[in-house]
Amino acid sequence: MKDLLDIRKEIDGIDRQIVELFENRMVLTTQVAEYKISTGKAVFDKEREVSKLDSVAALAHSDFNSHGVRELFEHIMSVSRKRQYQLLTEHGKFAPTGFVEVKELDFTHAAAAFISASEEAAKSYFPEECGLQKCADWREACDVLQREEVNFAFLPMQDPTSGYVSANYNLVAEYGFYILEKYETSPQPKDRYLLISKDRVTLSGADKISICFEAPDACGSLYHLMSHLTYNNLNMNRIESIVISRDPLDYRFFMDLSGNLNDSAIKNAVLGLRDEARNFKILGNYR
Ligand SMILES: C=C(O[C@@H]1C=C(C(=O)O)C=C[C@H]1O)C(=O)O
């Protein structure tokens, strides 16, 4: 039997070669990024990746290794894409998100919809001159906002029994609204409310971001999309999903992150998710 230390020495030698080859490959993908920066071609090229995975998997000599090579290259290509998104951001190729930053919200001559569960909080949140309109539920408040009978909707963030936010966030996404602020009553109980509007506005100093996107019920689909968050060192505070189609099974994921849309880590992740996730939306960047 070979000595463990000797085997490990051989492994170390091979790993050095892998790192060298990886770095050579990254030099080439940087050149690909330069090409994409000047031509506007999308970073993610699914067709190329699928054919690459098939060709490298075919080079291996056993089913186990073939599977392993596939997994390894999925990861290598995902790292190469992330470097390309970084370069795009550094070259100012981040297409604006359309959010307008304001120092404070103007409630003069404004009206807001609320529901019974948010009445007391709405009265303490809005200045007296702001008109308040009572609605039966979240959906009615959204309809009233949609018809522009009010400028804002002020609604409880969570479902009171389950504590979930997904049904409410889903309405924000479906109506194409934005979350402008999260209001918490203090000290206890800490009830949370959302200020919602049709305007894509963000308050200065916003440090929370809500996003949503869709992903199929396929092995690794969420894992790959979430790697844009981990790779950019982003902190995720919440993840919830709802089923949006049963056949085939598709999910819409809702995530709350810490950060501001001007942070380069957020820009990198947004570039990646925009490119690779279906129906990616930023629901709000708020405090
Ligand atoms: C490098 C490229 O960009 C991406 C990364 C790939 C890779 O690392 O091999 C392949 C396709 C693209 O999704 C490319 O387009 O060739």
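Both ligands and their constituent atoms are indexed starting at 1 by order of listing.
A salt bridge links Asp54 with Arg70: the closest approach of a Lys/Arg side-chain nitrogen to an acidic carboxylate oxygen falls below 4.0 angstrom. In summary, Glu214 and Lys281 do not engage in a salt bridge, as defined by a charged side-chain N under 4.0 Å from a carboxylate O.
Surrounding CD of Glu129 are more than 12 heavy atoms belonging to other residues, nucleotides or ligands, all under 6.0 Å away.
Tyr125 pairs in a ring-ring contact (aromatic ring centres under 6.0 Å, His included) with only one of the listed residues (Phe152, Tyr183, Tyr193), which is Tyr183.
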Run Glu47 and Val50 through side-chain contact (heavy atoms from CB on, under 4.5 Å) and show every step you take.
CA-CA 5 Å; Glu47 217 175 295; Val50 168; over 6 Å; no
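Protein residues with any heavy atom under 4.0 Å from ligand 1: Arg25, Thr29, Val32, Lys36, Val43, Phe44, Asp45, Arg48, Glu49, Met77, Ser80, Arg81, Gln84.
In this structure, Leu132 and Phe154 have side chains that are not in contact, with every pair of non-hydrogen atoms separated by 4.5 Å or more.
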